Amino acid sequence: MTAFIQLRDLSKSYESPGGGEAVEVFAGLDFELAEGESAAIVGPSGCGKSTLLNVVGALDKPSHGEVLVDGREVAKLTPEEAATFRNQTVGFIFQAHHLLPQCTVLENIMVPALAGHGDLSGDALRARAEALLEEVGLTHRLHHRPAEVSGGERQRAAVARALVNEPKLLLADEPTGALDQANTDKLAELLVQLNAKRNLTLLAVTHSAQVAARMAATYRLDADGLTKA
Ligand code: ADP
Ligand code: MG
């Protein structure tokens, strides 16, 4: 089986703001994830987990090495291609929901489809957003604003928003970091279901042993690289 995500000798350093020695975040990472698989990435704070997800999702560029996603070299995409890739191929979920406070839950789900990269609009878009909100258990909250729903509900809305353009890859950066135990369970269950039902490849950075245990495999990122835990 060909890998859906493939990292080859991947390194990332940041220029030091003061002009001193560059800060190396990680170096020499090799990793593969097949289409439709799920994996957790764990490791201490500051080891580069967010940086790694950002490089895979074309939010940041590697310093060296290759990132292939669905056969495409992510670091070589033009800015326009990268924008389309982030909008159409990847769904992102972060620790904070980043929903727009002035929009309803339903409107928030439709926002990524209005960015002009896809062809969904009008009634078809609304129908898809409503179906997604049903899938994440939020049919009773369509017209509420983010401040009027619970933390768990906001994060499930963020999952629905990540899926509106039918991405092939879901990148989650500490998706349950702000949730209590019960909502962590619920979100983990939702991610597992989506992964299975939609053949969605899932890469989740997490500090939660509970969430990591639900993924098919767990990898640890540390000074030795990315190794199977
Ligand atoms: P993690 O998500 O594992 O906690 P991060 O990927 O956020 O770690 O950060 C890894 C390291 O890279 C940290 O030492 C951080 O200070 C550094 N870093 C992250 N982003 C930048 C940036 N834009 N400029 C400089 N250094 C950065
Ligand atoms: Mg992080």
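No experiment lies behind these values; they were computed from the predicted model shown. Residues take their numbers from the sequence shown, with the count starting at 1. Because only heavy atoms are used, hydrogens play no part in the values below, and waters and symmetry mates are left out as well, while side chains stay in. Start at 1 and go down the list; that is how both ligands and their atoms are numbered.
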Item to complete: Using the rule that two of Ile, Leu, Val, Met, Phe, Trp, Tyr join whenever any of their side-chain heavy atoms come within less than 4.5 Å, decide whether Leu133 and Val159 are in one cluster.
Response: yes
Discussion item. Leu10 and side-chain contact (heavy atoms from CB on, under 4.5 Å): which single residue from Asp30, Val67, Leu226 fits?
Written reply: Val67
Discussion item. Could you tell me if Gln95 and Asp173 have a donor-acceptor pair between their side chains, going purely by distance under 3.5 Å?
Written reply: no
Worksheet item: For ligand 1, what is the set of protein residues having any non-hydrogen atom at a distance below 4.0 Å?
Response: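 Those residues closer than 4.0 Å to ligand 1 by some heavy atom are Tyr14, Val25, Pro44, Ser45, Gly46, Cys47, Gly48, Lys49, Ser50, Thr51.
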Fill in: Where Ile93 and Gln155 come nearest, the two heavy atoms and their spacing
CG2-NE2, 4.0 Å
Item to complete: Would you check if the side chain of Gln6 reaches a backbone N or O of Ala3 as a donor-acceptor pair within less than 3.5 Å?
Response: no
Practice prompt. Kindly say whether Thr78 contributes a backbone atom to a donor-acceptor pair with the side chain of Glu81 at under 3.5 angstrom?
Written response: yes
Fill in: the Mg ion (ligand 2) reached by Gln95 (N, O or S, under 2.8 Å)
no
